[in-house]
4 protein chains.
Amino acid sequence: MSKEKILHAATRVFSEYGYHRASMDEIAQQAQVAKGTLYYNFPGKSQLFKAVVKAGFEDIMERTKTDLSSALPIKEQILRVLRHHLDLFLDSRHFAHIVFNEISNGIEPDVLDELKQLRREHLSFLAGILREAQCEGGIMRDVDADLAAASTIGMLESTCNYYLSHQEEYSREDLENFVFTVVAEGLFKSLD
Amino acid sequence: MSKEKILHAATRVFSEYGYHRASMDEIAQQAQVAKGTLYYNFPGKSQLFKAVVKAGFEDIMERTKTDLSSALPIKEQILRVLRHHLDLFLDSRHFAHIVFNEISNGIEPDVLDELKQLRREHLSFLAGILREAQCEGGIMRDVDADLAAASTIGMLESTCNYYLSHQEEYSREDLENFVFTVVAEGLFKSLD
Amino acid sequence: MSKEKILHAATRVFSEYGYHRASMDEIAQQAQVAKGTLYYNFPGKSQLFKAVVKAGFEDIMERTKTDLSSALPIKEQILRVLRHHLDLFLDSRHFAHIVFNEISNGIEPDVLDELKQLRREHLSFLAGILREAQCEGGIMRDVDADLAAASTIGMLESTCNYYLSHQEEYSREDLENFVFTVVAEGLFKSLD
Amino acid sequence: MSKEKILHAATRVFSEYGYHRASMDEIAQQAQVAKGTLYYNFPGKSQLFKAVVKAGFEDIMERTKTDLSSALPIKEQILRVLRHHLDLFLDSRHFAHIVFNEISNGIEPDVLDELKQLRREHLSFLAGILREAQCEGGIMRDVDADLAAASTIGMLESTCNYYLSHQEEYSREDLENFVFTVVAEGLFKSLD
DNA sequence: AATGAATGAGTCTTCATTCAT
DNA sequence: AATGAATGAAGACTCATTCAT
């Protein structure tokens, strides 16, 4: 009960302020529990943060998995993965930022390792989908699937970030089209 | 004199610890000046950080510009831009991280705006080069140059990051080839 | 049932950490009861501590009494008292320390008074034995029995403490001989 | 300047409350400096405590040394040492208690080691004087000088403690006589 | 131009205690 | 008789910033 409330509040607060500016006081207040209750449910700030990030990764992976099905053509599956991540980066911009980026700053090393592990798992998940695409249809280029997953995530986040501060200039459809194009065909017509 | 030393030390310290974990004490110590001297030369921590980031952006832009010349074919110019940014992300990993990412966390809003402006200028610079490529040769796809610049930066950083924690699996050449392929041709052979 | 378990665990925990560093959490855990059970059986931490100290005093007094008997020559009785206290200070070093010394630190005043009373009773018990020695045989010097009891306890504890951190240099027998000599004859051959 | 004030205040506060109940807030208040000033001058609570204890040991040793001189007969020297320690235990009861006893509780292990070292040095100092007495005059029994020093300190403190809570029953002279007797001749007329 | 002692608001964390069940 | 979730006061410590020199 309290744990739920705390996790929700912590997600909000970490998203808004980032790890370091977020204070346990603020989280307790927003969760409407006493500060001690935070420490009754989580060992400390960094562990609470880890729980938030973990829930975030699990959520995006769960949502993506649910929407996929082997019945779909690989091409469609990848489009859906992209769309899910776009949703995440657009709807929960700040949350996505902490989940994908705040992982590197000044967090206790032991927790940091676990966070990196979570990120690795997420990338593996994406890479797995890409690898399938390579095996099956021969649709995909023969690039390293892990690098491809990593590069795609960074590309998506950066692009969404830019989009969000220039919303008047693009529509959501523009964004999707751009992303699909870049992923699919790259920037150049030909470089040879 | 002092200003130089402080700027160098601040770059080192911010790179190592990130904005929030970096302390003015540590910076003063590494710069071998008294703490008061920091405040004599810079109004405060966030302003000092801004100066560091600004110098960072200027450096990468300067280095890139120097290496370009209208004599070169556009294609080659873009390769060089990519290579310069790869260098930055690989050699000064942490520095690049704060320059490109720490900009969004929990920094005082007034300074944050100026930092965002700096990032915008850098993206404009890159977008400018891409736009040239579009005008001139018809080599490039007709995607939005600004989005393309933003997406490329994100892709580069994320890819380098992954590469740096998996160096045993890839060579630097692998990395370059991958990046060039992705930028040039995207991930798919065809999606239609 | 629970009370017993708690008392045992509390003794262990107080002995290991001292009064202030010992936590009710730790005690509950070691006693394998819920924290609430502690408060069901004892009014609070200081009262629990008092119970532990009381049991400690009673134990050493009981053990000593059991081993004495009016049949024994006074001299032998005193040797036995010394030996019992040596055993206590050596075998249950930390426990003895809290029983005899932690009594004065920063404990709630109300409980502190009761603890001091317990110590007083123990000293009275020892002084009683000494007084007997004085009456009966004329073996003992005509010093104040209460002061003598107090001084002896302090001497024993301090000596055992030193011994315990220099065990490689002395045998247990050395220690006993030293203590008996000091008690019996003092440090000097003659001071007149 | 501040350092002095802090050290004085800390001595007062630690003496009154013991290590754990003493709070940095209270010390800062009594020293009339801001809390930050405490940490500017001392790395932390335990280090501040160490400084207090160190000053205490140095003070008693200094005062004792000053009063001794090789011209005096050994017997007189030892009487003076005893008197100085009596003064300390009587005049600065609480301070002496923390200096000699609080050394064992729940202090950070690294600092604890240094504190133990200080105590060791003090005992060595006392043992040195005793050893002289053994060499020179043959006045002293052939007991281990280190054990003798340790036992004497414990005896003194314990006796003073008892005296202080029963002042109506003894005079200071009674106390001195008792202590001298015990040290000199022990408790028994003869035990053989 | 430079210093560094001093500050105090802000943070994380601990823990004895309570109480509804 | 026993539980354990929840509390909140209290405490140690950090650090950007100020200012007299």
Side-chain angles (χ1 to χ4, degrees), chain A residues 1-3 5-6 20-28 31-48 108, chain B residues 1-3 5-6 19-29 31-49 108, chain C residues 1-3 5-6 19-29 31-49 108, chain D residues 1-3 5-6 20-29 31-49 108:
Chain A
M1 188 63 222
S2 276
K3 207 159 187 167
K5 282 198 293 179
I6 292 170
H20 285 104
R21 301 275 287 195
S23 84
M24 294 299 264
D25 272 281
E26 176 78 17
I27 293 170
Q32 288 177 299
V33 297
K35 222 188 318 181
T37 310
L38 262 51
Y39 288 88
Y40 182 76
N41 287 281
F42 297 90
K45 188 182 183 182
S46 63
Q47 300 280 339
L48 175 53
E108 277 81 293
Chain B
M1 185 61 220
S2 276
K3 208 158 186 165
K5 280 198 294 179
I6 291 170
Y19 180 72
H20 286 103
R21 302 276 285 199
S23 81
M24 296 297 265
D25 271 275
E26 177 77 16
I27 294 169
Q29 211 173 315
Q32 289 176 299
V33 297
K35 219 187 332 178
T37 311
L38 262 51
Y39 287 87
Y40 182 79
N41 286 281
F42 298 90
K45 187 183 183 182
S46 61
Q47 301 283 335
L48 175 54
F49 182 66
E108 282 79 290
Chain C
M1 185 62 220
S2 277
K3 210 159 184 165
K5 281 199 293 180
I6 292 170
Y19 180 72
H20 287 102
R21 303 275 284 199
S23 81
M24 295 299 265
D25 272 276
E26 178 76 17
I27 293 169
Q29 212 172 315
Q32 289 176 300
V33 298
K35 218 183 339 176
T37 311
L38 262 51
Y39 287 87
Y40 181 78
N41 287 282
F42 298 90
K45 188 184 183 182
S46 61
Q47 301 283 336
L48 175 54
F49 182 67
E108 281 79 291
Chain D
M1 190 59 223
S2 277
K3 209 159 186 166
K5 281 199 293 179
I6 292 170
H20 286 103
R21 301 273 288 195
S23 85
M24 293 300 264
D25 272 281
E26 176 77 16
I27 294 169
Q29 213 171 315
Q32 289 177 298
V33 298
K35 220 188 321 183
T37 310
L38 261 52
Y39 288 89
Y40 182 76
N41 286 283
F42 298 90
K45 188 183 182 182
S46 62
Q47 300 280 338
L48 175 54
F49 182 67
E108 278 81 294

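The sequence lines fix the lettering, A, B, ..., with proteins before strands; numbering per chain opens at 1. We use all heavy atoms of the structure for the numbers below, so side chains are in, but hydrogens, waters and symmetry mates are not.
Across the protein-nucleic acid pair, B:D25 atom CG and E:dT3 atom C1' stand 14 Å apart, rounded to whole Å. Computed from coordinates, the A:Q32 CD to F:dG8 P distance equals 13 Å when rounded to whole Å. Atom C1' of nucleotide E:dT11 and atom NE2 of A:H20 are separated by 12 Å, given to the nearest angstrom. Rounded to whole Å, the distance from CZ on A:F42 to C1' on F:dA6 is 14 Å. Distance CE (A:M1) to C1' (F:dG4): 17 Å, rounded to an integer number of Å. Rounded to whole Å, the distance from CD on D:E108 to C1' on F:dC13 is 12 Å. Nucleotide F:dG8 holds its P atom 13 Å from the CG atom of A:L38, rounded to whole Å. Following rounding to the nearest Å, C:R21 (CZ) and F:dG11 (C1') show an atom-to-atom distance of 13 Å.
Under 4.0 angstrom from either OP1 or OP2 of F:dT14 there lies no side-chain N or O belonging to D:Y39. Contact annotation: B:Y40 does not reach the phosphate of E:dA2 (side-chain N/O to OP1 or OP2, under 4.0 Å). Contact between the side-chain N/O atoms of B:S2 and the OP1/OP2 oxygens of E:dA2 is found at a separation under 4.0 Å.
The base of F:dT17 is paired with the side chain of B:K35 by a donor and an acceptor separated by under 3.5 Å.
Among the heavy atoms of the strands lying under 4.0 Å from B:A22 are primed sugar atoms or P, OP1, OP2 only; no base atom is included. Nucleic acid contact for B:S23: sugar-phosphate only, since backbone atoms but no base atoms lie under 4.0 Å from a heavy atom of the residue. Nucleic acid contact for C:K45: sugar-phosphate only, since backbone atoms but no base atoms lie under 4.0 Å from a heavy atom of the residue.
The number of heavy atoms from other shown groups lying within 6.0 Å of CD (C:Q32) does not exceed 12.
With DNA chain F read from its 5' end, the first of the two nearest nucleotides for B:P43 and A:N41 is the one closest to A:N41. Nearest-nucleotide mapping onto DNA chain E: of D:K3 and A:G36, the residue sitting toward the 5' end is D:K3. Taking the nucleotide of DNA chain E with the nearest heavy atom to each of A:S46 and B:V33, the more 5' of the two is matched to B:V33.
The two residues D:I27 and D:I6 make their nearest non-hydrogen contact at CG2-O, 4.3 Å. Contact detail for C:N41 and C:T37: the closest heavy-atom pair is ND2-O, 2.9 Å.
Partners of A:K5 according to the side chain to side chain donor-acceptor pair (under 3.5 Å) rule, which considers only residues two or more places apart in sequence or in another chain, do not exist here.
In secondary-structure terms, DNA chain E builds stems of at least 3 consecutive Watson-Crick or G-U pairs, each pair having both distances under 3.5 Å, at E:2-21 with F:2-21.
Using a 4.5 Å heavy-atom threshold, the side chains of B:S46 and B:Y19 count as touching.
The side-chain tip of B:K3 points at the ring of B:F42 from less than 6.0 angstrom away and within 45° of straight on. For the pair D:K45 and D:Y39, the cation-pi test (distance below 6.0 Å, angle within 45°) is failed.
Minimum atom distance to the side chain of A:M24 is reached by E:dC12, of the listed F:dT7, E:dC12, F:dA2.
A donor-acceptor pair under 3.5 Å is absent between the side-chain atoms of A:K35 and the main chain of A:E26, judged by distance alone.
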